Amino acid sequence: MTTSDYIALAGVFATILGVLVTWLVMKRQIATKRLSYSIKIEPLLLKRDADLARELKIIYRGNELPEPALLSCEIANVGLAAVENARVIIKLPGATYLIPGYFQDIPSGYDSLWEIKRTDAEECEVRFKHINPKQVARIRFLMDETPKGEPLVSCPMPNVELIKSSKIQISSVAEFMIEAISPAAMSLIRQAQK
């Protein structure tokens with residue numbers, strides 16, 4: 001065999017190896033189930049408006065909420081595969097009570113597939129019988145007061161990865177360049193900014 005035969009054989013081997021590695025990586029990516037979450041806490045009454053805070057009382061099941069606050073949570077399937085029977089637990093630190101709320105803008109047909117259950121005074125569980133890739137669940141909870149620390153969000157499922165999402169901020173020049181190069185990437189960035 002000549003040197004050119006060895007080079008051709010090495011090229012064929014490298015191509016086959018590259019295809020195999022790509023196939024293994026894609027298989028793993030598709031098999032990975034990944035959810036992301038973001039949370040936002042807003043007080044319902046501002047302390048600087050003392051008159052309104054004295055006159056407005058919010059009562060839940062006979063108990064007055066001293067400093068009511070709203071917890072907004074977004075859970076998105078950012079993987080490439082649908083996630084079945086997912087459970088996401090939201091727990092507040094300390095003695096802050098978490099009151100289950102509702103799903104905002106629930107997709108048609110998902111009323112019976114998504115639910116919120118209160119598992120403890122400071123904890124709720126969000127259950128998804130099915131959540132598709134790129135699907136986002138927007139959930140609202142009520143709290144009796146603003147918690148002292150960050151709420152703990154976890155997914156006890158061994159085959160589902162839960163990550164905290166971060167909002168993407170880009171300049172208008174960068175936005176224009178990304179739109180020109182890849183409109184699909186820009187649409188993903190706009191979804192992440194919502």
Side-chain angles (χ1 to χ4, degrees), residues 22-42 44 58-63 65 68-147 149-168 184-194:
T22 302
W23 177 75
L24 289 172
V25 168
M26 287 305 295
K27 182 179 174 187
R28 183 171 179 193
Q29 278 287 57
I30 290 173
T32 301
K33 296 179 180 177
R34 189 174 296 141
L35 298 174
S36 74
Y37 73 93
S38 64
I39 52 176
K40 181 179 174 186
I41 297 173
E42 301 174 78
L44 292 181
I58 298 177
I59 298 173
Y60 177 74
R61 293 189 177 174
N63 296 321
L65 306 181
L70 185 67
L71 172 68
S72 300
C73 180
E74 288 188 3
I75 300 172
N77 182 350
V78 293
L80 298 174
V83 179
E84 305 287 335
N85 300 316
R87 294 179 14 237
V88 177
I89 298 171
I90 300 166
K91 185 176 176 108
L92 296 179
T96 303
Y97 292 114
L98 185 62
I99 301 164
Y102 58 91
F103 288 98
Q104 182 181 2
D105 303 326
I106 192 164
S108 178
Y110 279 76
D111 294 342
S112 63
L113 298 178
W114 294 356
E115 66 178 333
I116 306 167
K117 294 283 185 183
R118 188 174 192 182
T119 55
D120 192 8
E122 299 90 15
E123 180 181 291
C124 284
E125 183 177 88
V126 181
R127 298 177 185 170
F128 301 100
K129 288 185 181 172
H130 180 88
I131 184 167
N132 284 318
K134 297 185 178 84
Q135 203 165 35
V136 180
R138 291 174 180 83
I139 311 152
R140 303 295 181 259
F141 299 92
L142 187 63
M143 301 177 292
D144 67 335
E145 62 184 358
T146 303
E150 179 100 3
L152 305 171
V153 182
S154 63
C155 182
M157 299 177 64
N159 61 342
V160 177
E161 179 184 354
L162 181 69
I163 54 174
K164 185 173 183 176
S165 69
S166 59
K167 300 291 182 182
I168 300 171
M186 194 62 227
S187 70
L188 288 174
I189 292 171
R190 285 190 181 122
Q191 286 179 352
Q193 289 175 332
K194 289 182 184 178

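All values derive from a computational prediction rather than experimental measurement. In this chain, residues are counted from 1 in sequence order.
A donor-acceptor pair shorter than 3.5 Å cannot be found between the side chains of Tyr97 and Asp120.
Closest approach of Ser165 to Ser38, counting heavy atoms only: OG-CB, 3.4 Å. Looking at every heavy atom in both residues, Pro147 comes nearest to Leu92 through CG-CD2, 4.2 Å. Here the closest heavy-atom approach between residue Pro107 and residue Gln135 is recorded as CG-NE2, 3.6 Å.
Rounding to the nearest 0.5 angstrom, the gap separating the CD atom in Gln104 from the OG atom in Ser72 is 7.5 Å. For the atom pair Tyr37 OH and Leu35 CG, the distance stands at 11.5 Å (nearest 0.5 Å). Put simply, CG on Asp144 and CD on Glu122 are 9.0 Å apart, with the number rounded to the nearest 0.5 Å. Taking CG of Asn77 as the start and NZ of Lys134 as the end, the distance is 9.5 Å to the nearest 0.5 Å. With rounding to the nearest 0.5 angstrom, the CD1 atom of Ile90 is 10.5 Å from the CG atom of Leu152. Here the CG-CE distance, from Leu70 to Met143, works out to 7.0 Å after rounding to the nearest 0.5 Å.
Relative ring orientation between Trp114 and Phe103 is described as tilted, the plane-to-plane angle lying within the 30° to 60° band.
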### Task
Could you go through the side-chain contact (heavy atoms from CB on, under 4.5 Å) check for Leu98 and Lys91 one step at a time?
CA-CA 8 Å; Leu98 185 62; Lys91 185 176 176 108; over 6 Å; no

### Message
Quick one, Asn132 with Tyr110, criterion side-chain contact (heavy atoms from CB on, under 4.5 Å). Give me CA distance, side-chain angles, the key distance, then yes/no.
### Response
CA-CA 11 Å; Asn132 284 318; Tyr110 279 76; 2.9 Å; yes

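When each of Ile163, Val126, Leu162 is tested with Val153 by the rule side-chain contact (heavy atoms from CB on, under 4.5 Å), just one qualifies, namely Leu162. The residue from Leu142, Ile41, Thr146 that alone fulfils the side-chain contact (heavy atoms from CB on, under 4.5 Å) condition with Leu71 is Ile41.
Residues passing the side chain to side chain donor-acceptor pair (under 3.5 Å) test with Thr119, sequence neighbours excluded: Glu123. Contacts of Lys117 classified as salt bridge (Lys or Arg N to Asp or Glu O under 4.0 Å), with partners at least two apart in sequence or in another chain: Glu115.
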What donor-acceptor contacts under 3.5 angstrom involve side-chain atoms of residues 80-89, with partners at least two apart or in another chain?
unit_1: Glu84; atom_1: OE1; unit_2: His130; atom_2: ND1; d: 3.4
unit_1: Glu84; atom_1: OE2; unit_2: His130; atom_2: ND1; d: 2.6
unit_1: Arg87; atom_1: NE; unit_2: Glu125; atom_2: OE2; d: 3.1

